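Encoded as C-alpha coordinates, the structure appears first; notes follow it.
We use all heavy atoms of the structure for the numbers below, so side chains are in, but hydrogens, waters and symmetry mates are not. Lettering follows sequence order; numbering is per chain, from 1. Because the structure is a prediction, the values reported are computed rather than measured.
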2 protein chains.
Amino acid sequence: MTTLRSFDDSLPMALLRAREAAMRRFRPLLAEHDLTEQQWRVLRVLASAESPMDVGQIADETFLLGPSLSRILAKLDNRGLVVRRTDPADHRRSVVRLSADGRRLFARIAPDSEQRYTEIEQSFGADRLSNLLVLLKELEDST
Amino acid sequence: MTTLRSFDDSLPMALLRAREAAMRRFRPLLAEHDLTEQQWRVLRVLASAESPMDVGQIADETFLLGPSLSRILAKLDNRGLVVRRTDPADHRRSVVRLSADGRRLFARIAPDSEQRYTEIEQSFGADRLSNLLVLLKELEDST
DNA sequence: ACACAATACTTAACATGTGCAACAATAAGG
DNA sequence: CCTTATTGTTGCACATGTTAAGTATTGTGT
(Lines give C-alpha, C1' and ligand atoms only; values in the text may rest on other atoms or scores of the structure.)
Protein backbone atom coordinates (compact mmCIF):
# COMPACT_ATOMS: atom_id res chain seq x y z
CA MET A 1 0.00 0.00 0.00
CA THR A 2 1.15 3.49 -0.75
CA THR A 3 2.27 5.05 2.48
CA LEU A 4 1.34 8.65 2.89
CA ARG A 5 3.42 10.84 5.11
CA SER A 6 2.70 10.03 8.70
CA PHE A 7 -0.73 11.09 9.75
CA ASP A 8 0.61 13.00 12.71
CA ASP A 9 2.98 15.03 10.59
CA SER A 10 0.42 16.16 8.08
CA LEU A 11 0.13 19.92 8.06
CA PRO A 12 -3.66 20.16 8.01
CA MET A 13 -3.90 17.76 10.92
CA ALA A 14 -1.23 19.63 12.87
CA LEU A 15 -3.07 22.89 12.27
CA LEU A 16 -6.33 21.32 13.38
CA ARG A 17 -4.81 19.94 16.57
CA ALA A 18 -3.11 23.22 17.38
CA ARG A 19 -6.29 25.16 16.82
CA GLU A 20 -8.19 22.73 18.95
CA ALA A 21 -5.66 23.14 21.73
CA ALA A 22 -5.98 26.91 21.54
CA MET A 23 -9.76 26.97 21.31
CA ARG A 24 -10.15 24.70 24.30
CA ARG A 25 -9.36 27.73 26.41
CA PHE A 26 -11.96 29.94 24.81
CA ARG A 27 -14.87 27.61 24.24
CA PRO A 28 -16.12 27.56 27.84
CA LEU A 29 -16.13 31.35 27.87
CA LEU A 30 -18.18 31.52 24.70
CA ALA A 31 -20.52 28.82 25.97
CA GLU A 32 -21.20 30.88 29.09
CA HIS A 33 -22.58 33.59 26.85
CA ASP A 34 -24.36 31.28 24.43
CA LEU A 35 -22.15 32.13 21.53
CA THR A 36 -20.77 29.83 18.88
CA GLU A 37 -17.28 30.31 17.54
CA GLN A 38 -18.66 31.74 14.36
CA GLN A 39 -20.97 34.16 16.11
CA TRP A 40 -18.02 35.36 18.17
CA ARG A 41 -15.94 35.85 15.05
CA VAL A 42 -18.67 38.09 13.68
CA LEU A 43 -19.01 40.08 16.89
CA ARG A 44 -15.26 40.54 17.11
CA VAL A 45 -14.89 41.77 13.60
CA LEU A 46 -17.76 44.19 14.07
CA ALA A 47 -16.35 45.39 17.38
CA SER A 48 -13.02 46.22 15.80
CA ALA A 49 -14.56 47.97 12.83
CA GLU A 50 -14.59 51.72 12.77
CA SER A 51 -17.85 51.92 10.90
CA PRO A 52 -20.67 49.58 9.91
CA MET A 53 -19.53 46.80 7.62
CA ASP A 54 -21.33 45.32 4.68
CA VAL A 55 -22.05 41.63 4.61
CA GLY A 56 -19.44 40.82 2.01
CA GLN A 57 -16.69 42.39 4.09
CA ILE A 58 -17.76 40.42 7.13
CA ALA A 59 -17.84 37.20 5.13
CA ASP A 60 -14.30 37.77 3.89
CA GLU A 61 -12.86 38.57 7.26
CA THR A 62 -14.62 35.87 9.25
CA PHE A 63 -14.17 33.14 6.64
CA LEU A 64 -17.87 32.44 6.53
CA LEU A 65 -19.89 31.74 3.41
CA GLY A 66 -22.74 34.02 2.48
CA PRO A 67 -25.61 31.72 3.41
CA SER A 68 -24.07 30.79 6.75
CA LEU A 69 -23.40 34.40 7.53
CA SER A 70 -26.94 35.43 6.61
CA ARG A 71 -28.31 32.99 9.15
CA ILE A 72 -25.83 34.01 11.79
CA LEU A 73 -26.63 37.68 11.29
CA ALA A 74 -30.35 36.94 11.45
CA LYS A 75 -29.79 35.19 14.77
CA LEU A 76 -27.63 37.94 16.19
CA ASP A 77 -30.20 40.43 15.00
CA ASN A 78 -32.99 38.54 16.77
CA ARG A 79 -30.94 38.56 19.93
CA GLY A 80 -30.58 42.29 19.55
CA LEU A 81 -26.80 42.18 19.31
CA VAL A 82 -26.45 43.67 15.85
CA VAL A 83 -28.36 46.11 13.68
CA ARG A 84 -28.82 45.63 9.95
CA ARG A 85 -29.67 48.47 7.64
CA THR A 86 -29.83 48.82 3.89
CA ASP A 87 -26.88 50.78 2.58
CA PRO A 88 -28.34 54.11 1.45
CA ALA A 89 -25.70 54.40 -1.26
CA ASP A 90 -26.35 50.93 -2.70
CA HIS A 91 -29.62 49.32 -1.87
CA ARG A 92 -28.32 45.87 -2.68
CA ARG A 93 -25.99 45.97 0.27
CA SER A 94 -26.92 45.75 3.88
CA VAL A 95 -24.59 47.23 6.43
CA VAL A 96 -24.22 45.81 9.89
CA ARG A 97 -23.02 47.19 13.18
CA LEU A 98 -23.08 46.19 16.82
CA SER A 99 -26.08 47.40 18.80
CA ALA A 100 -25.62 48.89 22.26
CA ASP A 101 -26.36 45.46 23.70
CA GLY A 102 -23.85 43.93 21.33
CA ARG A 103 -21.18 46.34 22.47
CA ARG A 104 -22.02 45.62 26.09
CA LEU A 105 -21.78 41.88 25.57
CA PHE A 106 -18.50 42.26 23.75
CA ALA A 107 -17.11 44.45 26.50
CA ARG A 108 -18.10 41.88 29.08
CA ILE A 109 -16.37 39.03 27.26
CA ALA A 110 -13.29 40.77 25.93
CA PRO A 111 -11.29 41.03 29.16
CA ASP A 112 -11.72 37.33 29.91
CA SER A 113 -10.81 36.48 26.37
CA GLU A 114 -7.75 38.66 26.58
CA GLN A 115 -6.70 37.00 29.79
CA ARG A 116 -6.94 33.52 28.36
CA TYR A 117 -4.97 34.66 25.40
CA THR A 118 -2.30 35.97 27.73
CA GLU A 119 -2.19 32.59 29.45
CA ILE A 120 -1.41 30.96 26.14
CA GLU A 121 1.19 33.58 25.43
CA GLN A 122 2.87 32.92 28.75
CA SER A 123 2.82 29.14 28.68
CA PHE A 124 3.89 28.98 25.06
CA GLY A 125 6.24 31.94 25.11
CA ALA A 126 5.65 35.33 23.55
CA ASP A 127 8.62 34.99 21.23
CA ARG A 128 7.58 31.63 19.89
CA LEU A 129 4.01 32.83 19.53
CA SER A 130 4.95 35.79 17.38
CA ASN A 131 7.27 33.53 15.43
CA LEU A 132 4.38 31.14 14.86
CA LEU A 133 2.06 33.92 13.76
CA VAL A 134 4.57 35.05 11.19
CA LEU A 135 4.93 31.55 9.77
CA LEU A 136 1.17 31.09 9.61
CA LYS A 137 0.82 34.32 7.73
CA GLU A 138 3.54 33.33 5.32
CA LEU A 139 1.92 29.96 4.75
CA GLU A 140 -1.34 31.66 4.00
CA ASP A 141 0.33 33.99 1.53
CA SER A 142 2.37 31.28 -0.15
CA THR A 143 -0.76 29.66 -1.44
CA MET B 1 -14.98 49.99 24.18
CA THR B 2 -12.43 47.45 25.25
CA THR B 3 -10.18 46.75 22.33
CA LEU B 4 -9.17 43.17 21.93
CA ARG B 5 -5.98 42.33 20.16
CA SER B 6 -6.41 42.83 16.47
CA PHE B 7 -8.68 40.30 14.92
CA ASP B 8 -6.15 39.40 12.29
CA ASP B 9 -3.47 38.66 14.84
CA SER B 10 -5.54 36.34 16.95
CA LEU B 11 -4.00 32.90 17.09
CA PRO B 12 -7.16 30.87 16.52
CA MET B 13 -8.04 32.97 13.52
CA ALA B 14 -4.54 32.70 12.12
CA LEU B 15 -4.66 28.93 12.54
CA LEU B 16 -8.03 28.80 10.84
CA ARG B 17 -6.86 30.87 7.91
CA ALA B 18 -3.68 28.84 7.51
CA ARG B 19 -5.58 25.58 7.63
CA GLU B 20 -8.04 26.89 5.10
CA ALA B 21 -5.19 27.87 2.79
CA ALA B 22 -3.70 24.40 3.10
CA MET B 23 -6.96 22.53 2.72
CA ARG B 24 -7.89 24.46 -0.38
CA ARG B 25 -5.42 22.25 -2.21
CA PHE B 26 -6.88 19.01 -0.97
CA ARG B 27 -10.59 19.63 -0.98
CA PRO B 28 -11.09 19.23 -4.74
CA LEU B 29 -9.30 15.90 -4.60
CA LEU B 30 -11.52 14.64 -1.81
CA ALA B 31 -14.62 15.94 -3.55
CA GLU B 32 -13.70 13.93 -6.64
CA HIS B 33 -13.99 10.82 -4.55
CA ASP B 34 -17.03 11.89 -2.55
CA LEU B 35 -15.17 12.07 0.72
CA THR B 36 -15.53 14.63 3.44
CA GLU B 37 -12.51 15.86 5.35
CA GLN B 38 -13.55 13.80 8.34
CA GLN B 39 -14.09 10.65 6.35
CA TRP B 40 -10.66 11.10 4.85
CA ARG B 41 -9.14 11.53 8.29
CA VAL B 42 -10.64 8.20 9.29
CA LEU B 43 -9.45 6.42 6.17
CA ARG B 44 -5.97 7.83 6.58
CA VAL B 45 -5.64 6.80 10.16
CA LEU B 46 -6.87 3.31 9.33
CA ALA B 47 -4.54 3.07 6.37
CA SER B 48 -1.53 3.89 8.49
CA ALA B 49 -2.52 1.50 11.26
CA GLU B 50 -0.74 -1.81 11.50
CA SER B 51 -3.77 -3.63 12.81
CA PRO B 52 -7.50 -2.97 13.19
CA MET B 53 -8.23 -0.06 15.52
CA ASP B 54 -10.96 0.25 18.06
CA VAL B 55 -13.37 3.13 17.85
CA GLY B 56 -11.93 5.00 20.81
CA GLN B 57 -8.47 5.02 19.28
CA ILE B 58 -9.81 6.34 16.01
CA ALA B 59 -11.76 9.06 17.80
CA ASP B 60 -8.64 10.22 19.64
CA GLU B 61 -6.45 10.32 16.58
CA THR B 62 -8.92 11.92 14.21
CA PHE B 63 -10.25 14.46 16.71
CA LEU B 64 -13.80 13.30 16.19
CA LEU B 65 -16.40 12.83 18.88
CA GLY B 66 -17.86 9.41 19.53
CA PRO B 67 -21.30 10.07 18.06
CA SER B 68 -19.91 11.74 14.95
CA LEU B 69 -17.46 8.93 14.44
CA SER B 70 -20.14 6.28 14.86
CA ARG B 71 -22.12 7.82 12.06
CA ILE B 72 -19.10 8.30 9.84
CA LEU B 73 -18.09 4.68 10.33
CA ALA B 74 -21.62 3.55 9.54
CA LYS B 75 -21.45 5.49 6.30
CA LEU B 76 -18.03 4.17 5.35
CA ASP B 77 -19.28 0.71 6.22
CA ASN B 78 -22.29 1.11 3.93
CA ARG B 79 -19.97 2.19 1.16
CA GLY B 80 -17.95 -0.92 1.76
CA LEU B 81 -14.78 0.97 2.59
CA VAL B 82 -14.32 -0.30 6.14
CA VAL B 83 -15.18 -3.43 8.07
CA ARG B 84 -16.39 -3.39 11.65
CA ARG B 85 -16.16 -6.42 13.90
CA THR B 86 -16.75 -6.96 17.57
CA ASP B 87 -13.47 -7.32 19.40
CA PRO B 88 -13.31 -10.99 20.39
CA ALA B 89 -11.31 -10.11 23.48
CA ASP B 90 -13.75 -7.46 24.71
CA HIS B 91 -17.21 -7.58 23.31
CA ARG B 92 -17.90 -3.97 24.20
CA ARG B 93 -15.38 -2.79 21.66
CA SER B 94 -15.68 -2.89 17.94
CA VAL B 95 -12.57 -2.93 15.87
CA VAL B 96 -12.37 -1.34 12.47
CA ARG B 97 -10.12 -1.86 9.47
CA LEU B 98 -10.07 -0.87 5.83
CA SER B 99 -11.75 -3.30 3.44
CA ALA B 100 -10.09 -4.26 0.19
CA ASP B 101 -12.13 -1.52 -1.51
CA GLY B 102 -11.07 0.92 1.17
CA ARG B 103 -7.43 0.11 0.59
CA ARG B 104 -7.90 0.49 -3.15
CA LEU B 105 -9.55 3.87 -2.76
CA PHE B 106 -6.86 5.04 -0.42
CA ALA B 107 -4.16 3.88 -2.83
CA ARG B 108 -5.82 5.75 -5.64
CA ILE B 109 -5.97 9.02 -3.69
CA ALA B 110 -2.69 8.90 -1.82
CA PRO B 111 -0.30 9.76 -4.66
CA ASP B 112 -2.32 12.85 -5.63
CA SER B 113 -2.51 13.90 -2.02
CA GLU B 114 1.20 13.45 -1.64
CA GLN B 115 1.85 15.53 -4.70
CA ARG B 116 -0.25 18.41 -3.49
CA TYR B 117 1.52 18.25 -0.20
CA THR B 118 4.81 18.47 -2.01
CA GLU B 119 3.59 21.55 -3.83
CA ILE B 120 2.92 23.22 -0.52
CA GLU B 121 6.31 22.14 0.72
CA GLN B 122 7.98 23.67 -2.29
CA SER B 123 6.14 26.96 -2.41
CA PHE B 124 6.36 27.47 1.33
CA GLY B 125 9.81 26.02 1.77
CA ALA B 126 10.68 22.71 3.38
CA ASP B 127 12.71 24.36 6.12
CA ARG B 128 9.97 26.75 7.13
CA LEU B 129 7.43 23.95 6.96
CA SER B 130 9.30 21.73 9.37
CA ASN B 131 9.89 24.74 11.56
CA LEU B 132 6.16 25.41 11.55
CA LEU B 133 5.30 21.81 12.37
CA VAL B 134 7.61 21.94 15.38
CA LEU B 135 6.00 25.11 16.67
CA LEU B 136 2.52 23.69 16.20
CA LYS B 137 3.45 20.60 18.12
CA GLU B 138 4.92 22.69 20.90
CA LEU B 139 1.82 24.83 21.06
CA GLU B 140 -0.31 21.74 21.34
CA ASP B 141 1.85 20.40 24.15
CA SER B 142 2.04 23.68 26.02
CA THR B 143 -1.67 23.50 26.75
C1' DA C 1 -33.91 55.06 -22.46
C1' DC C 2 -33.79 50.13 -22.69
C1' DA C 3 -32.46 45.42 -22.48
C1' DC C 4 -29.27 42.52 -20.41
C1' DA C 5 -25.72 41.10 -17.60
C1' DA C 6 -23.50 41.47 -13.14
C1' DT C 7 -23.64 42.15 -8.16
C1' DA C 8 -25.22 41.64 -3.21
C1' DC C 9 -27.69 39.38 -0.34
C1' DT C 10 -31.31 36.11 1.10
C1' DT C 11 -33.84 31.83 1.14
C1' DA C 12 -34.40 27.05 0.53
C1' DA C 13 -33.03 22.37 0.81
C1' DC C 14 -30.13 18.88 1.98
C1' DA C 15 -26.02 16.69 4.05
C1' DT C 16 -22.86 16.76 7.69
C1' DG C 17 -21.07 17.54 12.06
C1' DT C 18 -21.45 18.99 17.22
C1' DG C 19 -22.83 18.28 21.86
C1' DC C 20 -25.51 16.25 25.25
C1' DA C 21 -28.26 12.72 27.24
C1' DA C 22 -30.04 8.20 27.36
C1' DC C 23 -29.29 3.46 26.34
C1' DA C 24 -27.72 -1.48 25.73
C1' DA C 25 -24.13 -4.63 26.14
C1' DT C 26 -20.26 -6.07 28.38
C1' DA C 27 -16.58 -6.12 31.70
C1' DA C 28 -14.43 -5.40 36.17
C1' DG C 29 -14.33 -5.15 41.23
C1' DG C 30 -15.87 -5.72 45.77
C1' DC D 1 -23.65 -11.99 42.72
C1' DC D 2 -24.46 -7.11 42.69
C1' DT D 3 -22.89 -2.78 41.64
C1' DT D 4 -20.31 0.26 38.97
C1' DA D 5 -17.54 1.61 35.04
C1' DT D 6 -16.57 1.29 30.23
C1' DT D 7 -17.57 1.15 25.14
C1' DG D 8 -20.10 2.13 21.61
C1' DT D 9 -24.58 3.39 19.52
C1' DT D 10 -28.72 6.07 19.00
C1' DG D 11 -31.86 10.13 19.41
C1' DC D 12 -32.47 14.89 19.49
C1' DA D 13 -31.80 19.80 18.91
C1' DC D 14 -29.03 22.80 16.81
C1' DA D 15 -25.40 25.16 13.86
C1' DT D 16 -22.91 25.17 9.82
C1' DG D 17 -21.39 23.83 4.95
C1' DT D 18 -22.77 23.81 0.25
C1' DT D 19 -25.21 24.33 -3.97
C1' DA D 20 -28.80 26.31 -6.33
C1' DA D 21 -32.46 29.39 -6.95
C1' DG D 22 -34.65 33.79 -6.11
C1' DT D 23 -35.06 39.00 -5.34
C1' DA D 24 -33.68 43.49 -5.64
C1' DT D 25 -30.61 46.68 -7.34
C1' DT D 26 -26.94 48.50 -10.06
C1' DG D 27 -23.97 48.88 -14.10
C1' DT D 28 -23.16 48.65 -19.14
C1' DG D 29 -23.52 48.68 -23.98
C1' DT D 30 -26.14 50.31 -27.67
Side-chain angles (χ1 to χ4, degrees), chain A residues 12 16 19-20 23-24 26-43 46 52-79 81-97, chain B residues 12 16-17 19-20 23-24 26-28 30-43 46 52-79 81-97:
Chain A
L16 179 62
R19 181 157 202 278
E20 202 50 40
M23 283 308 298
R24 232 191 303 281
F26 295 101
R27 251 189 267 282
L29 176 59
L30 299 184
E32 273 178 37
H33 297 279
D34 269 301
L35 290 173
T36 65
E37 270 182 56
Q38 288 86 343
Q39 289 168 350
W40 176 239
R41 291 217 294 274
V42 172
L43 293 183
L46 287 174
M53 298 174 70
D54 65 57
V55 175
Q57 266 181 294
I58 301 174
D60 287 345
E61 299 199 17
T62 56
F63 258 78
L64 291 166
L65 294 185
S68 298
L69 181 55
S70 271
R71 279 181 302 223
I72 291 170
L73 287 175
K75 209 157 298 179
L76 294 175
D77 194 351
N78 284 339
R79 269 177 77 175
L81 298 175
V82 304
V83 177
R84 288 192 284 183
R85 294 258 180 278
T86 299
D87 184 341
D90 182 345
H91 287 205
R92 291 172 304 184
R93 296 170 195 276
S94 72
V95 292
V96 186
R97 60 176 176 78
Chain B
L16 180 62
R17 275 202 307 269
R19 180 157 203 278
E20 202 50 40
M23 283 307 299
R24 231 191 305 280
F26 296 102
R27 251 189 265 283
L30 300 185
E32 275 179 37
H33 297 279
D34 269 301
L35 290 173
T36 66
E37 270 182 56
Q38 289 86 346
Q39 290 169 350
W40 176 239
R41 292 217 293 274
V42 172
L43 293 183
L46 288 175
M53 298 174 69
D54 65 58
V55 174
Q57 264 181 298
I58 300 173
D60 287 345
E61 300 199 18
T62 57
F63 258 77
L64 291 167
L65 295 183
S68 298
L69 181 55
S70 270
R71 280 180 283 252
I72 290 169
L73 287 175
K75 207 156 298 178
L76 294 176
D77 195 352
N78 285 338
R79 269 178 78 175
L81 299 175
V82 304
V83 177
R84 287 192 285 183
R85 294 257 178 279
T86 298
D87 184 342
D90 181 343
H91 286 205
R92 289 172 304 184
R93 295 170 195 276
S94 71
V95 292
V96 185
R97 60 176 177 79

(message) If you compare every side-chain N and O of A:Arg92 against the phosphate oxygens of D:dT23 (OP1, OP2), does one of them come in below 4.0 Å?
(response)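 No, outside the criterion.
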
(request) Ignoring backbone atoms, establish whether A:Ser70 has a side-chain N or O less than 4.0 Å from OP1 or OP2 of C:dC9. (result)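 Negative; the distance criterion is not met.
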
Across the strands shown, which category fits [X] at heavy-atom distances under 4.0 angstrom: base, sugar-phosphate, nothing?
{"X": "B:Ile72", "value": "sugar-phosphate"}
{"X": "A:Thr36", "value": "sugar-phosphate"}
{"X": "A:Asp87", "value": "nothing"}

When you measure from the side chain of [X], which nucleotide among [options] comes out closest?
{"X": "A:Gln38", "options": "C:dT7, D:dA5, D:dG17", "result": "D:dG17"}
{"X": "B:Arg71", "options": "D:dG17, C:dT18, D:dT9", "result": "C:dT18"}
{"X": "A:Arg93", "options": "C:dC9, C:dG19, C:dT16", "result": "C:dC9"}
{"X": "A:Leu65", "options": "D:dG17, D:dT25, C:dG19", "result": "D:dG17"}
{"X": "B:Pro67", "options": "D:dT26, C:dA27, C:dA21", "result": "C:dA21"}
{"X": "A:Ser94", "options": "C:dA25, C:dT10, C:dT16", "result": "C:dT10"}
{"X": "B:Asp54", "options": "D:dG8, D:dA24, C:dA27", "result": "D:dG8"}
{"X": "B:Val55", "options": "D:dG17, D:dG8, D:dA24", "result": "D:dG8"}
{"X": "A:Lys75", "options": "D:dA15, D:dT18, C:dT26", "result": "D:dA15"}

(request) Find the distance between CG (B:Asn78) and CG (B:Leu73) and round it off to the nearest 0.5 Å. (result)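 Here the interatomic distance stands at 11.0 Å.
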
Rounded to whole angstroms, how far apart are [atom1] on [X] and [atom2] on [N]?
{"X": "B:Arg79", "N": "C:dA15", "atom1": "CZ", "atom2": "P", "answer": "15 Å"}
{"X": "B:Leu30", "N": "C:dG17", "atom1": "CG", "atom2": "C1'", "answer": "16 Å"}
{"X": "B:Asp90", "N": "D:dG8", "atom1": "CG", "atom2": "P", "answer": "8 Å"}
{"X": "A:Leu35", "N": "D:dA15", "atom1": "CG", "atom2": "P", "answer": "11 Å"}
{"X": "B:Arg27", "N": "C:dT16", "atom1": "CZ", "atom2": "C1'", "answer": "13 Å"}
{"X": "B:Phe63", "N": "C:dT18", "atom1": "CZ", "atom2": "C1'", "answer": "15 Å"}
{"X": "A:Leu69", "N": "C:dC9", "atom1": "CG", "atom2": "C1'", "answer": "10 Å"}
{"X": "A:Leu64", "N": "C:dC9", "atom1": "CG", "atom2": "C1'", "answer": "15 Å"}

(request) Quickly, which of A:Arg97, A:Arg71, A:Arg84 forms a salt bridge (Lys or Arg N to Asp or Glu O under 4.0 Å) with A:Asp77? Name it, please. (result)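 Testing A:Asp77 for a salt bridge (Lys or Arg N to Asp or Glu O under 4.0 Å) against A:Arg97, A:Arg71, A:Arg84 leaves exactly one candidate, A:Arg84.
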
(request) Run the salt-bridge test on B:Glu37 and B:Arg27 with the 4.0 Å N-O cut-off and return the result as yes or no. (result)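 Result for this pair is yes, salt bridge flagged.
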
(request) Look only at the side chain of A:Arg19 and the backbone of B:Pro12, and say whether a donor-acceptor pair between them is shorter than 3.5 Å. (result)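 Side chain of A:Arg19 to backbone of B:Pro12, a donor-acceptor pair under 3.5 Å: yes, one is there.
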
(request) Evaluate the side-chain proximity of A:Met53 to A:Asp60: yes if any heavy-atom separation is below 4.5 Å, no if none is. (result)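 The answer is no, as the side chains (C-beta and beyond) never meet within the 4.5 Å cut-off.
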
(request) Let me see the working for B:Val95 and B:Arg85 under side-chain contact (heavy atoms from CB on, under 4.5 Å), right down to the final yes or no. (result) CA-CA 5 Å; B:Val95 292; B:Arg85 294 257 178 279; 4.2 Å; yes

